[in-house]
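Worksheet: one structure, shown below.
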There are 2 protein chains.
Amino acid sequence: MKTFEKIETAPLWNRVRGQIKDALLAGRFEPGQTLTLRSLAEMFGTSVTPVRDAINHLVAQGVLEAGPRNAAVVPDVASDLLKEIIFVRAELEGRAAREAATRKSPELIAALSAKLESMRSLIRQRQLDTYLDVHRDFHFTIYESAGIPLLYEMIENLWLRTGPILTYVIPDYVVSLRGSDHHQKIVAAIEAGDGPTAEAEIVSDIEEAANYLLSCADEYGRIRRGQKLAHHAG
Amino acid sequence: MKTFEKIETAPLWNRVRGQIKDALLAGRFEPGQTLTLRSLAEMFGTSVTPVRDAINHLVAQGVLEAGPRNAAVVPDVASDLLKEIIFVRAELEGRAAREAATRKSPELIAALSAKLESMRSLIRQRQLDTYLDVHRDFHFTIYESAGIPLLYEMIENLWLRTGPILTYVIPDYVVSLRGSDHHQKIVAAIEAGDGPTAEAEIVSDIEEAANYLLSCADEYGRIRRGQKLAHHAG
DNA sequence: ACATCATGCTTGTTATAACAAACAACAAAG
DNA sequence: CTTTGTTGTTTGTTATAACAAGCATGATGT
């Protein structure tokens, strides 16, 4: 079973890892769910070996947890851990935004402005799924422009840890904002080369969203898919 | 019927991972050396599968690097990556020190003072290897007292990445300080509850040591053993 | 002598089968 | 009804073989 696709030379287990990461960031896996090798292998159309490699990689990164029998389980992040993640995220992403403001370029401003407009349009059309994609792209475009790969890598790791629960309530949060979002101010601060303001706006953006998330926690500190959610069909 | 003979059956790949880590810490692998699956498999008396799993785990943690052909290579940290690590370390460890100052306790001050005195004594006696242990303990005592396990974990990972080359030249750096170290000021700032000063002192401590390390780099940006040592000629 | 290609070896990747431990369901014994 | 033992299934683990890409070596042609 060989394919003629000679374009994709990346190892199969690395592609599988990317697909699992996407599924996590998109919230397609339930928190607490145990991912079995054979089910994922059938899902991706491979054998268990690449899936095993991908899962090992993600567990080592802390993106997935090692449950009993060394089974990979989707982290069910509770309030305590969420507060810690937010703490470090505010520190690293704020620093990245500050660095991005000092390394600004016209191309960066143009790209961010385009994504900003796309986000506004998607909110108006209530296409929250694709909004989340663009929103994530918006943030990481800033972090990438900081020019520090290690910093980018660590921020991505933190997003992956909160990924499963982020998609639970963020759509409600986004439509409840009604325009008072920090994204516009972030772009303006970067364009003006004002690092401290960019950092402050990023931190406010993170912490306000986190407070909303924490307000959705149950008595056990677990964020559950919820009551405020007017779920979309798509 | 339960038998007592089932003491501990850790997975084979996990044991192999421990052996590789030991070999790394013992310096039995040269920086830049590529570790082949089959050679390690023969060395440990297993097949390639457990070795592959162990290496994948270590690469994901940043302990090993992924070279060409996805081969595992012992990290030869160059100046570029070192600068990035220092950048993030200053950010995270500075933040941890600031947090520690706000959560100070008499027990913490007493513990830090004791380690400080121990460090001074070890320097006078030129016992640099044990000094490095106490020094590391001193730092991580502060970071642990910040009360944020995730922050602690990420800082520890950054120390692991620079671990091998740190022991190359730090002893020379320590004896060259001749008393102008920041550790005393850090303890004083934490004791006074002065978070910003504690953060600034930690950052200065990190960056000054980093500058010394970077001054030891060769023309390729690699930190080499004995670059500033009078003993070894090469 | 130098460039080019063939050949064989090395190495990471993937699929597959066999295996042991854990788990669930159910029957039998108290 | 509860407990215990059995059986079948599921699941992660490990070994092995086949495979493709890279790399070194050396023969060949100009």
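Any value given below was found using the heavy atoms of this structure, including those in side chains, with hydrogens, waters and symmetry copies removed. So that the names make sense, note that chain A is the first sequence line, chain B the second, and so on, each numbered from 1.
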Requested in this report: Scan residues 40-68 of chain B against DNA chain C and write down, sorted by residue number, each residue with any heavy atom closer than 4.0 Å; if none is found, say none.
Outcome: B:Arg52

Query raised in the report: With respect to B:Ile55, which candidate in B:Asp53, B:Val59, B:Leu58 satisfies the side-chain contact (heavy atoms from CB on, under 4.5 Å) definition?
Result: B:Val59

Report task. Using atom CZ of B:Arg69 as one end and atom P of D:dA20 as the other, report the distance to the nearest whole Å. Result -> 11 Å

Query raised in the report: If you measure from the Lys or Arg side-chain nitrogens to the Asp or Glu carboxylate oxygens, is any gap between A:Arg38 and A:Glu42 under 4.0 Å?
Result: no

Query raised in the report: Using a cut-off of 4.0 Å on non-hydrogen atoms, how would the nucleic acid contact of A:Leu37 be classed: base, sugar-phosphate, or nothing?
Result: base

Query raised in the report: Quick one: does B:Trp13's side chain get under 4.5 Å of B:Thr46's, heavy atoms only?
Result: no

Report summary line: Looking only at D:dT13, C:dT14, C:dG12, the nucleotide nearest the A:Trp13 side chain is C:dT14

Query raised in the report: When you check the phosphate oxygens OP1 and OP2 of C:dT11, does a side-chain N or O of B:Asn70 lie under 4.0 Å from one of them?
Result: no

Query raised in the report: What is the distance from CG of B:Leu35 to P of C:dT10, rounded to the nearest Å?
Result: 18 Å

Query raised in the report: For the residue pair A:Tyr152 and A:Phe140, does the interplanar ring angle fall in the parallel (under 30°), tilted (30 to 60°) or perpendicular (over 60°) class?
Result: perpendicular

Query raised in the report: Separation of A:Arg38 atom CZ from D:dT9 atom P, in whole Å?
Result: 14 Å

Report task. Look at the side chain of A:Pro11 and decide which nucleotide, out of C:dT11, C:dT14, D:dT11, has an atom nearest to it. Result -> C:dT14

Requested in this report: If the plane angle is over 60° it's perpendicular, under 30° parallel, otherwise tilted; pick one for B:Trp159 and B:His135.
Outcome: tilted

Query raised in the report: Among A:Leu151, A:Leu150, A:Leu158, which residue meets the side-chain contact (heavy atoms from CB on, under 4.5 Å) test with A:Met154?
Result: A:Leu150

